[in-house]
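Encoded as structure tokens, the structure appears first; notes follow it.
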Amino acid sequence: MSSKVFTNEQGAFANWFPVFIGVGIGLYFSLPFEPSLTLSFVTSLGLWGMVLGGIFFHSAATLHGLSEATYVLLKYFLIAAALASTGFASAAYRTDSVAAPIVEREFGPSYFEGRIIQIEPSSPGQRYLLDNLTGKAFKWLSTPDIIRLKSNLEQENIRVGMRVRVLAVIQPPSRPNIPGGFNYARHAYYQKIGAVGYILGKVKVVEEQPMNDKQYIDNYIGMKAAEVRNSIVRKVGKHLEGDQKDLVVTFLTGQKGGLSKGTKEEIRDAGLAHLLAISGLHMGLMAGILFFVIRFILALFPRVALNFPIKKIAAVAAIVFCFFYLLLINHPLSAQRAFIMVAVSLTAVVLDRKALSIRTVSVAAVFLLLIYPEVLISASFQMSFSAVLALVAFFERYSQKKPEQKFIGKLLHNIKLTCYCSLVASLATAPFVLYHFHSLPLFGILANLVAVPFTALVLMPLVLICYVLLPLGAEGLIIQVLGQAFEFLLWVARMVAHIPYGEWRLAAFPVSVLAIVTFGGIWLCLIKTKLRWCGGIPVLLFVIYINVFIENLIF
């Protein structure tokens with residue numbers, strides 16, 4: 001019986017690769033000192049050498065008295081250790097390769113010059129990212145690669161690529177206010193932001209965008225995407241204002257800094273904060289709409305439909321469009337994860353393979369963890385992958401049921417499925433929401449039952465139409481319709497957010513507790529046999545812990 005269980009689980013071992021890589025990355029970030037990069041790489045290479053040696057000398061191992069079962073267990077243990085060492089080494093290399101200077105102390109007011117590489121809406125005013133910096137302050141301070149400055153004024157004449165002069169006060173990025181809290185300094189370090197601050201007065205243009213600037217040419221795609229985002233913000237501002245404008249800008253450009261604090265709190269208290277983070281829902285809907293629309297248009301031409309694989313053409317076209325969508329929204333990590341999953345899924349369609357599986361999620365996680373190891377400790381990555389992993393695992397088992405044939409049965413089935421999805425995603429992300437934000441919306445499932453289908457059937461199609469009309473200058477009407485659609489979404493959020501006793505607040509708890517419940521959740525999702533229910537033990541212990549040992553209140 002045990003050998004049969006092991007054989008069944010052995011085929012899914014590759015799904016655990018990102019887990020082992022994540023263990024190594026987590027170990028790196030938990031160390032109180034900076035480990036040697038050379039030692040990290042040597043250790044990783046040594047372990048991979050042992051793995052390869054064990055594979056090539058399998059027969060020699062059995063000759064020396066090792067049983068087949070012992071050899072297999074030892075091989076998988078070495079692979080797990082090698083993957084963990086790879087995660088550790090990738091985190092060490094990423095930190096060393098960034099090496100971004102950070103200002104040592106607060107300085108100013110003083111004049112600074114720099115090139116604008118990004119403009120974001122901010123309530124009130126705008127927020128600027130500047131590079132190519134000069135200023136008298138840097139005689140006494142390190143010169144950062146990028147600084148982030150906040151202005152309470154909104155200046156429409158300022159464009160991405162301009163060299164500007166500002167009077168500002170700068171300081172090092174802030175560290176956590178409480179132990180274990182969000183570390184903005186670490187987040188800024190990996191973005192090469194070496195100082196933050198605020199602008200006094202107006203931003204003054206020193207030089208228009210130099211088209212022959214080597215650095216501009218090197219960063220051409222990123223700069224053009226930033227210019228397009230800034231252009232979209234201005235166009236939306238001509239037709240809408242207030243919350244409607246800010247929400248339309250959020251969906252079209254991924255920039256949510258313009259939303260007021262009160263609106264953000266209402267959306268968060270209603271359990272709809274995930275709609276503001278462009279992630280799997282948005283990217284998946286965008287890819288799905290594009291895939292079916294392109295396939296439908298190609299099917300209208302019989303000669304094309306009969307002589308070309310229109311399904312595969314639509315899949316490739318959807319990948320290309322989604323890539324440009326990723327650039328437009330400034331490729332946040334949640335959207336990068338979603339794009340990788342979309343690309344892998346649609347590539348599977350091209351290769352006539354199964355489009356969505358646990359393996360797809362694992363591949364996306366491996367890519368992100370090796371390229372950006374620091375995402376492991378971000379709330380966005382943790383919540384995004386926990387929700388997607390739980391939903392894919394749920395669908396793999398739920399899809400085995402026979403579908404309903406009658407119309408009423410299908411309708412009830414879809415409503416039930418929507419409820420299940422909201423419940424599964426809410427439960428999967430709950431530990432991370434409690435750890436990072438110390439509160440949990442209790443009626444979020446009610447808001448999601450309306451908001452998620454509304455987003456899928458109304459908002460994202462309107463967003464796609466808006467993208468088509470923006471280059472033609474005919475976006476006015478569709479932007480106004482989008483504004484009204486978001487007004488309805490806000491109404492839903494406010495109704496749910498103001499339900500009495502709708503929020504559960506919890507005191508902080510150690511990261512070790514989060515690690516234990518995370519392992520339990522991963523075990524439940526990745527193990528295929530009945531052993532998966534053992535993952536419920538850490539989850540149960542977590543529930544007991546937060547109810548018995550942690551102070552909590554319901555508001």
Side-chain angles (χ1 to χ4, degrees), residues 116 118-129 148-160 162 164 198-203 205 225-270 272-278 282 325 328-330 332 447 450-451 454-455 458-498:
I116 295 178
Q118 190 166 306
I119 302 174
E120 303 173 351
S122 182
S123 182
Q126 292 173 310
R127 194 162 50 203
Y128 303 92
L129 290 183
R148 186 175 189 172
L149 299 175
K150 168 77 169 63
S151 172
N152 288 333
L153 301 176
E154 187 171 343
Q155 297 178 242
E156 292 190 0
N157 63 312
I158 305 299
R159 301 285 188 272
V160 171
M162 289 180 172
V164 297
Y198 56 91
I199 297 172
L200 303 172
K202 290 186 175 182
V203 176
V205 178
E227 288 180 30
V228 172
R229 283 193 295 273
N230 199 21
S231 172
I232 291 174
V233 172
R234 292 195 302 271
K235 288 183 177 182
V236 173
K238 293 179 181 178
H239 303 282
L240 298 173
E241 59 183 16
D243 290 335
Q244 289 187 13
K245 171 196 169 184
D246 297 330
L247 284 169
V248 171
V249 166
T250 298
F251 266 62
L252 289 176
T253 68
Q255 298 175 327
K256 54 185 178 181
L259 287 169
S260 65
K261 184 178 179 181
T263 301
K264 286 182 180 179
E265 288 181 351
E266 287 178 335
I267 293 174
R268 184 201 65 202
D269 292 344
L272 298 179
H274 64 96
L275 294 181
L276 300 182
I278 307 299
H282 310 77
Y325 176 56
L328 180 60
I329 60 177
N330 201 23
V450 177
F454 184 74
T455 301
V458 178
L459 291 181
M460 290 309 294
L462 288 175
V463 166
L464 186 56
I465 295 171
C466 192
Y467 282 141
V468 174
L469 296 179
L470 277 167
L472 304 175
E475 73 284 347
L477 178 60
I478 199 70
I479 285 178
Q480 293 178 16
V481 173
L482 257 178
Q484 293 301 314
F486 278 112
E487 189 65 39
F488 171 75
L489 194 66
L490 272 178
W491 177 80
V492 172
R494 287 167 182 152
M495 290 289 290
V496 175
H498 291 95

*Apply the side-chain contact (heavy atoms from CB on, under 4.5 Å) test between I232 and each candidate in I479, V249, L328; give the one that qualifies.*
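So, applying the side-chain contact (heavy atoms from CB on, under 4.5 Å) to I232 and each of I479, V249, L328, only L328 qualifies.
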
*Please confirm whether the backbone N or O of E227 pairs with a side-chain atom of S231, one donor and one acceptor, at under 3.5 Å?*
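A pair under 3.5 Å: no.
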
*Are the side chain of Y128 and the backbone N or O of V160 linked by a donor-acceptor pair below 3.5 Å?*
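Such a contact is absent between Y128 side chain and V160 backbone.
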
Roughly how far apart are [X] [atom1] and [Y] [atom2], rounded to 0.5 Å?
| X | Y | atom1 | atom2 | result |
| --- | --- | --- | --- | --- |
| L200 | L149 | CG | CG | 10.0 Å |
| L477 | C466 | CG | SG | 10.5 Å |
| L482 | L489 | CG | CG | 11.5 Å |
| L464 | Y325 | CG | OH | 9.5 Å |
| K235 | L469 | NZ | CG | 10.5 Å |
| F486 | L462 | CZ | CG | 8.5 Å |

Can you name the side-chain contact (heavy atoms from CB on, under 4.5 Å) partners of [X], sequence neighbours left out?
| X | result |
| --- | --- |
| E241 | none |
| Q480 | H239 |
| E120 | Q118, R127, R148, Q255 |
| K202 | L153, Q155 |

Residue list, salt bridge (charged side-chain N to carboxylate O under 4.0 Å, His left out) with [X], at least two apart or on another chain:
| X | result |
| --- | --- |
| K150 | none |
| R234 | none |
| E265 | none |

Less than 4.5 Å apart, any side-chain heavy atom of [X] and any of [Y]?
| X | Y | result |
| --- | --- | --- |
| L129 | I116 | no |
| V233 | I119 | no |
| Y467 | L252 | yes |
| L247 | I267 | yes |

*asked:* Give me each pair satisfying salt bridge (charged side-chain N to carboxylate O under 4.0 Å, His left out) with a member in residues 469-483, each pair once, sequence neighbours excluded.
replied: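 Sorted pair list comes back empty.
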
Looking at [X] and [Y], what are the two nearest heavy atoms and their distance?
| X | Y | value |
| --- | --- | --- |
| I329 | R229 | C-NH1, 4.3 Å |
| A270 | A447 | O-CB, 3.3 Å |
| L272 | A451 | CD2-CB, 3.6 Å |

_By the side chain to side chain donor-acceptor pair (under 3.5 Å) test, which pairs, at least two apart or in different chains, include something from residues 484-494?_
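Sorted result for residues 484-494: D243-R494, Q244-E487, E266-R494.
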
_Residue list, ring pair (Phe, Tyr, Trp, His ring centres under 6.0 Å) with Y198, at least two apart or on another chain_ =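 Result, ring pair (Phe, Tyr, Trp, His ring centres under 6.0 Å) vs Y198: none returned.
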
